[in-house]
Amino acid sequence: MLLIDRETVRSLYPMEYAVEVMAEALRRYSGGLADQPLRTILRPASSEDLLGTMPGHVGGDDLAGFGLKAMVLKPGNPARGLDLHIGIVMVFHPETGEPLALMDAGAVTAIRTAAVSAVATDTLAPAGAGDLAILGSGVQARSHLEAMRTVRELRRVRVWSRTPGHAEAYRQWAAAELGLQVETAPTPAEAVLGADLVCTTTAAREPLLEAADIAEGAHVNAVGASFADHRELSSEAVARARLFVDSRESALAESGDLHHPIAEGLIAQDHILAELGEVLLGKHPGRSDARETTLFASLGLGVQDIMSGFAIARAAEREHLGHRFTLD
């Protein structure tokens, strides 16, 4: 079995390749080639921490088989200089069932989540979109900037963070690492003013954006609210947008951005127009008007982690990277 650390994951799974793999993962999921239960979340009453597990099986000719992700969320970790999410992705040999590779889940999640948003942007955003606003300044905010520039030519980028110093650090990182000039904004509304691409990557429990904040014709990737008690968009913002999801089942069970407007009677479950994979498969046309606002609500799927895991494991074998060990 291969043990693949964070830096090796990043070197073996460049964003351009991840976007291709995630597009295929979405097609397979919506095409019925993936079997996965809803993720299991364990929240002990005595702790703010949680454990999430996402097992599954992916069919197809390549990057297919059993795999799982297990992650622990530790709210105190950022203050320790550690990632909020700590865990592993594991994939099993398709023929023998033997453990094939074990790798850092934080690195996998950072890349694959942003790559899925890039697929959504390439599929749903206007062709000329390039005025980008990012809410949040953490790991996902950084990976989303990398992802957005793979599918659109960015002419302006703005970032907002609850902590101004973090926004400034983000600005400096973007200039040094990506050669991109980023403006910092004092409020979420000012960050998205006139933007035609928006990525929300925060852990907000209350809405950051109202419907009036979002420009006509914009595309929004709502990424941060991955639990039912979190939300980044107001109910009216969700109700006014044409909504696409990675999974109907997951969105209806877990999306706080969707739960609230349904509970308030603003929308019904059929407000979900399609899964992104259905658009990629040609089962839904996606955006139909340059003036409409499109919203992709991203929850994250096991199939995304499993196919990423196989892609990274195969690349590690080709490049003779990773640490090989046996369990016997």
Side-chain angles (χ1 to χ4, degrees), residues 17-39 54 56-64 67 112-127 129 144 147-148 150-152 197-200 217-223 225-226 233 237-259 261-262 267-308 310-311:
Y17 179 41
V19 171
E20 295 177 10
V21 174
M22 290 302 92
E24 179 60 20
L26 291 160
R27 283 190 288 265
R28 291 192 198 181
Y29 177 81
S30 295
L33 292 177
D35 292 285
Q36 60 172 62
L38 287 172
R39 60 183 173 174
M54 301 167 67
H57 179 269
V58 183
D61 296 332
D62 190 27
L63 307 182
R112 67 83 158 150
T113 305
V116 170
S117 292
V119 175
T121 299
D122 199 35
T123 305
L124 299 172
H144 270 73
M148 292 302 104
T150 68
V151 293
R152 288 294 185 272
L197 291 178
V198 178
C199 296
T200 63
H219 171 70
V220 181
N221 296 304
V223 179
S226 55
L233 305 178
V238 175
R240 290 188 187 181
R242 289 176 59 82
L243 177 61
F244 300 83
V245 298
D246 47 13
S247 161
R248 283 187 180 85
E249 181 184 27
S250 295
L252 291 171
E254 301 174 328
S255 173
D257 280 328
L258 191 55
H259 280 191
I262 289 177
I267 62 172
Q269 293 186 3
D270 62 3
H271 189 64
I272 298 175
L273 295 180
E275 293 176 346
L276 185 56
E278 292 173 330
V279 180
L280 295 171
L281 290 169
K283 297 180 179 180
H284 189 280
R287 174 180 287 270
S288 59
D289 189 313
R291 295 171 298 176
E292 66 192 18
T293 299
T294 52
L295 168 61
F296 174 61
S298 176
L299 270 295
L301 303 175
V303 60
Q304 298 164 2
D305 297 301
I306 294 167
M307 289 189 65
S308 294
F310 277 113

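If you read the sequence from its start, that first residue is 1, and numbering goes on from there.
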Test side chain to side chain contact (heavy atoms under 4.5 Å, CB included) applied to R240 and T293, step by step: CA-CA 8 Å; R240 290 188 187 181; T293 299; over 6 Å; no
Contacts of S298 that satisfy side chain to side chain donor-acceptor pair (under 3.5 Å) - sequence neighbours left out: none
L26 versus Q304: any side-chain heavy-atom pair under 4.5 Å? yes
Distance col, row L258:CG vs S250:OG, nearest 0.5 angstrom, shows 11.5 Å
Roughly how far, to the nearest 0.5 Å, is the NE2 atom of H284 from the CG atom of L273? 4.5 Å
Option among D122, T123, L124 that satisfies the side chain to side chain contact (heavy atoms under 4.5 Å, CB included) test with H219: L124
So CE of M22 and CE of M307: to nearest 0.5 Å the spacing works out to 6.0 Å
Shortest non-hydrogen separation from P126 to G217 and the atoms involved: CG-O, 3.3 Å
Evaluate side chain to side chain contact (heavy atoms under 4.5 Å, CB included) for V119 paired with V19, printing each intermediate quantity in order. CA-CA 6 Å; V119 175; V19 171; 3.8 Å; yes
Calculate, to the nearest 0.5 Å, the distance between atoms CZ and CG belonging to R28 and L280 respectively. 13.0 Å
Looking at side-chain heavy atoms only, is the closest gap between R242 and R287 below 4.5 Å? no
Flag side-chain contact, heavy atom, 4.5 Å: L295 against D257: no
A311 and V21 have their tightest heavy-atom pair at CB-CG2, 4.3 Å
Does the side chain of E278 reach to within under 4.5 Å of the side chain of R248, using non-hydrogen atoms? yes
Does the side chain of S255 reach to within under 4.5 Å of the side chain of L299, using non-hydrogen atoms? yes
Nearest non-hydrogen partners of A64 and V58, listed with the distance: CB-O, 3.1 Å
Quick check: closest heavy atoms across A147 and A115, and the distance to 0.1 Å? CB-N, 4.4 Å
For R27, all residues meeting side chain to side chain donor-acceptor pair (under 3.5 Å), sequence neighbours excluded: E24
A side-chain contact here means heavy atoms from C-beta on lying under 4.5 Å apart; do V116 and N221 qualify? no
Show the numbers, then the answer: is there a side chain to side chain contact (heavy atoms under 4.5 Å, CB included) between I262 and L252? CA-CA 10 Å; I262 289 177; L252 291 171; 4.1 Å; yes
Closest non-hydrogen atom pair, G302 against M54: N-CE, 3.3 Å
Side chain to side chain donor-acceptor pair (under 3.5 Å) filter on D270, not counting sequence neighbours, yields none
Go through F296 and D246 one step at a time and tell me if the side chain to side chain contact (heavy atoms under 4.5 Å, CB included) criterion holds. CA-CA 8 Å; F296 174 61; D246 47 13; 4.0 Å; yes
Can you confirm whether the side chains of S308 and R112 place a donor and an acceptor under 3.5 Å from each other? no
Closest non-hydrogen atom pair between V223 and H144, with its separation: CG2-NE2, 3.4 Å
Any H271 side-chain heavy atom under 4.5 Å of P261 side chain: no
Measure the shortest side-chain to side-chain distance between R39 and L301 over non-hydrogen atoms and say whether it is less than 4.5 angstrom. no
